[in-house]
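To keep things clear, I will list the structure first and then write my remarks on it.
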Amino acid sequence: MVIRSRIIGTGSYLPQRVLSNKDLEKMVDTSDEWIVERTGISERRIASKDEAASDLAFYAAEKAIKDGGVTSSDIDFIIVATVTPDMLFPSTACLVQNRLGAKGAFAFDLSAACSGFIYALSVADQYIRSGMYQTGLVIGTDVFSKVIDWTDRNTCILFGDGAGAVVLKSDTGASGIISSHLFSDGTSWDMLYVPGGGSRIPPGEDMINNRLQFVKMRGNETFKVAVNTMCTSISEALKSNGLTAEDIKLFIPHQANLRIIQAIGKKLNVPMERFMINLDRYGNTSAASIPIALDEAIKEGRIENGDNILLEAFGGGLTWGAALIKW
Ligand code: COA
């Protein structure tokens, strides 16, 4: 008897405030035309001053729990993937646990930047497959607007805020997470990072004067590595399950840049219709991008029972990975 983790509920939350490309034109030297052509992004959502990662996560989690037909007391564990936690500690997951009243759960955060959701899903899957736990809540939440340099046109046009959540349940049927494939390469840690605010450059004058609390990125290099690594992890997931790209109903990639997704489609010979895309409305929401896209794909009726779907992500670390799911 094989135990698998089945996704029984999904939910997502996007802050209300919309920041359009036209709005950005008033903030930095850019244009709607440039942003749409180079990234595919038209607008993104921005959290309010008093909204933090745990708030977004909580709203998404509430919806996923309701959608899954369970209650907070059924949840054995909560994993929150984020690199923009409310505070250094306690974990965002413990704050979400408190808001949900999920007293029986243990909770922790996981840091893998934009790959965070795939990493967290994989960890959750191991707990459930081992038979140790039955029900898990996995959340991707990020509030990049608070670590973005709003004077840097190279980065500020790309990111948005959001959260997505799934409830996983132990199941012995054919549906569930079939396999996950994770990769890291610390040699390129400085391709995409936030230098300040940790124990290397603590909050203080040096950090503020040198704007080290903000995201730094080598965009061009990141672009190429993102295409190559996501293709590698997709191929790995297909190969290890004896499948081809033809067997996948829907690809749900990390939503960083439309041109990255188009390049992946071209390399794998998969038409764009089989990719879930919502970055035009939300930009890159980091760890939240895949669970938000998954939630929307389900609600749009793009996934049916028995379909194979493939999630793939790339992010700072560097980290990347894929997860094959039979719905
Ligand atoms: N508006 C107008 N011009 C801009 C601009 C903006 N927002 N940002 C950069 N430019 C300019 C550059 O200064 C450069 O000008 P120059 O030729 O005079 O030097 C020119 O546009 C081309 O810059 P380049 O960096 O080569 O553009 P690009 O086509 O690579 O697009 C990114 C830049 C950032 C959109 C693209 O590299 C990208 O998306 N990279 C991946 C980033 C990512 O996904 N990160 C998260 C991973 S999880």
Side-chain angles (χ1 to χ4, degrees), residues 19-44 81-84 110-120 140-145 147-162 164 182-186 188-194 214-234 252-265 275 277-280 282-293 311-322:
L19 185 74
S20 68
N21 292 350
K22 285 276 173 212
D23 296 328
L24 280 166
E25 284 180 1
K26 294 175 206 136
M27 296 160 66
V28 288
D29 180 15
T30 191
S31 66
D32 175 43
E33 213 181 356
W34 192 96
I35 302 172
V36 170
E37 193 189 306
R38 300 290 180 114
T39 71
I41 300 166
S42 295
E43 58 186 43
R44 67 288 291 142
T82 187
V83 285
T84 51
L110 184 152
S111 166
C114 298
S115 312
F117 181 76
I118 300 258
Y119 269 60
T141 182
D142 266 312
V143 189
F144 259 57
S145 65
V147 292
I148 281 294
D149 184 345
W150 289 103
T151 65
D152 176 13
R153 68 176 184 176
N154 290 298
T155 51
C156 76
I157 57 149
L158 295 173
F159 296 93
D161 302 332
L182 306 181
F183 308 88
S184 308
D185 175 12
S188 298
W189 65 270
D190 58 351
M191 199 178 284
L192 177 57
Y193 70 123
V194 177
F214 296 129
V215 171
K216 314 288 173 203
M217 183 185 76
R218 301 203 299 272
N220 232 301
E221 280 173 66
T222 309
F223 189 102
K224 286 178 205 141
V225 180
V227 174
N228 290 333
T229 53
M230 283 204 275
C231 282
T232 311
S233 54
I234 289 170
I252 304 187
H254 171 48
Q255 308 282 310
N257 184 322
L258 182 61
R259 282 163 52 225
I260 292 177
I261 300 174
Q262 286 167 336
I264 294 169
F275 284 89
I277 293 164
N278 63 9
L279 57 78
D280 50 319
Y282 307 137
N284 179 347
T285 56
S286 184
S289 89
I290 289 180
I292 294 171
L311 319 180
E312 50 276 342
F314 164 84
L318 300 175
T319 54
W320 63 100

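For ligands, and for the atoms within them, numbers begin at 1 and follow the listed sequence. Everything quoted here is computed from the prediction, not taken from an experiment.
Separating the CD atom in Glu312 from the CH2 atom in Trp320 is a distance of 15.0 Å, to the nearest 0.5 Å. Taking CG of Asp23 as the start and CG of Asp32 as the end, the distance is 10.5 Å to the nearest 0.5 Å.
Looking only at distances, no side-chain donor or acceptor of Glu43 sits under 3.5 Å from a matching main-chain atom of Ser20. Between the Arg259 side chain and the Arg38 main chain, a donor and an acceptor come within less than 3.5 Å of each other. The closest donor-acceptor contact from the side chain of Thr319 to the backbone of Ser184 lies at 3.5 Å or more, if one exists at all. Counting only distance, with no hydrogens or angles, the side chain of Thr30 and the backbone of Glu25 share no donor-acceptor pair below 3.5 Å.
Counting only heavy atoms, the protein never gets under 4.0 Å from atom 17 (O) of ligand 1. Counting only heavy atoms, the protein never gets under 4.0 Å from atom 14 (C) of ligand 1. Put simply, atom 20 (C) of ligand 1 has no protein non-hydrogen atoms near it, under 4.0 Å away. Atom 32 (C) of ligand 1 lies below 4.0 Å from none of the non-hydrogen atoms of the protein.
Screening Asp161, Ile148, Val83 against Val143 for a side chain to side chain contact (heavy atoms under 4.5 Å, CB included) leaves a single residue, Asp161. The only option from Asn21, Ile41, Leu258 that meets the side chain to side chain contact (heavy atoms under 4.5 Å, CB included) definition with Val36 turns out to be Asn21.
Looking from atom 5 (C) of ligand 1 to the surrounding protein, the closest heavy atom is Trp34 CH2, 3.4 Å. For atom 11 (C) of ligand 1, the nearest non-hydrogen atom of the protein is Arg153 NH2, 3.5 Å. Of the protein's heavy atoms, Arg38 NH1, 3.7 Å lies nearest to atom 22 (C) of ligand 1. Nearest protein heavy-atom contact of atom 38 (C) of ligand 1 is Asn257 ND2, 3.6 Å. Looking at atom 45 (N) of ligand 1, its nearest protein heavy atom turns out to be Met217 SD, 3.3 Å.
At a 4.0 Å heavy-atom cut-off, ligand 1 touches Asn220 through backbone and side chain alike. Residue contacts with ligand 1 for Phe223 involve both N, CA, C or O and side-chain atoms from C-beta outward (heavy atoms, distance under 4.0 Å). The side chain of Asn284, and not its backbone, has at least one atom closer than 4.0 Å to an atom of ligand 1 (non-hydrogen atoms only; side chain from C-beta on).
Those atoms of ligand 1 that come under 4.0 Å of a heavy atom in Thr30, given as number and element, are 1 (N), 2 (C), 6 (C), 7 (N). Counting atoms of ligand 1 from 1 in the listed order, those under 4.0 Å from a heavy atom of Ile157 are 7 (N). Residue contact check: Asn154 has heavy atoms under 4.0 Å from atoms 8 (N), 9 (C), 34 (C) of ligand 1. Close approach of ligand 1 to Thr39 (heavy-atom distance below 4.0 Å) involves ligand atoms 35 (C). Those atoms of ligand 1 with a heavy atom of Cys114 less than 4.0 angstrom away are 48 (S). Listed by number with element, the atoms of ligand 1 under 4.0 Å from a non-hydrogen atom of His254 are 48 (S).
Nearest-heavy-atom check against atom 37 (O) of ligand 1 across Ala256, Ser286, Gly219 picks out Gly219.
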Please determine whether side chain to side chain contact (heavy atoms under 4.5 Å, CB included) holds for the pair Phe183 and Ser233, giving the CA-CA distance in whole Å, both sets of side-chain angles, and the decisive distance to 0.1 Å.
CA-CA 8 Å; Phe183 308 88; Ser233 54; 3.7 Å; yes

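Under 3.5 Å, the side chains of Ser188 and Tyr193 contain no donor-acceptor pair of N or O atoms. A donor atom on one side chain and an acceptor atom on the other are not found under 3.5 Å apart for Thr285 and Asp142.
With respect to Asp190 and Arg218, a salt bridge is recorded, a charged nitrogen being found less than 4.0 Å from a carboxylate O.
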